[in-house]
Amino acid sequence: MPRRSRRWVWVGRGLFGVIVAGLVVYLVAVGLDQADKLASGIGAVLALVALAAPYLFPPASSASVPDEVRDTGAARASAGGHANTGIDAPGDERAARVTRSGDATADGPGSAANTGVQRRPRS
């Protein structure tokens, strides 16, 4: 949760007080019967919007948190194996950062080595 300064807390409290005062003035001006009818209509609309909101807004993206690898050791693959000292992950929409990765060595047919970023299709 973001840290709130004392100033913004008081601004929020003041805004809440203005809203409550406005509601009291409105209720006195139009009467409880008219206010009840309007509140019922607003409540129904807000309930429908709340039900539709997950479909109206795009899904949250995980692209803001990068995949990160730092200071890895050495890895060796042989006889068709896979050596990885970097990032090997599905998809390609996320940012990736590899810093000071170790040595990856591949010996033999079918062996693979990766010291950087390797993206593969999602299964």
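Every heavy atom of this structure was used, including side-chain atoms; hydrogens, water molecules and symmetry mates were not.
The number of heavy-atom neighbours closer than 6.0 Å to CG of L32, taken from other residues, nucleotides and ligands shown, is 12 or below. Summarising the local packing, CZ of R6 is surrounded by 12 or fewer heavy atoms from other residues, nucleotides or ligands at distances under 6.0 Å.
No side-chain heavy atom of L23 sits less than 4.5 Å from a side-chain heavy atom of I19.
The CG atom of L38 sits 11.5 Å away from the CG atom of D33 when rounded to the nearest 0.5 Å. Distance CG/L51 to CG/L46: 11.0 Å, rounded to 0.5 Å. A distance of 10.5 Å separates CG in L15 from CH2 in W8, rounded to the nearest 0.5 Å.
Note on V30 and I42: same hydrophobic cluster, where clusters join Ile, Leu, Val, Met, Phe, Trp and Tyr whose side-chain heavy atoms are under 4.5 Å apart, directly or indirectly.
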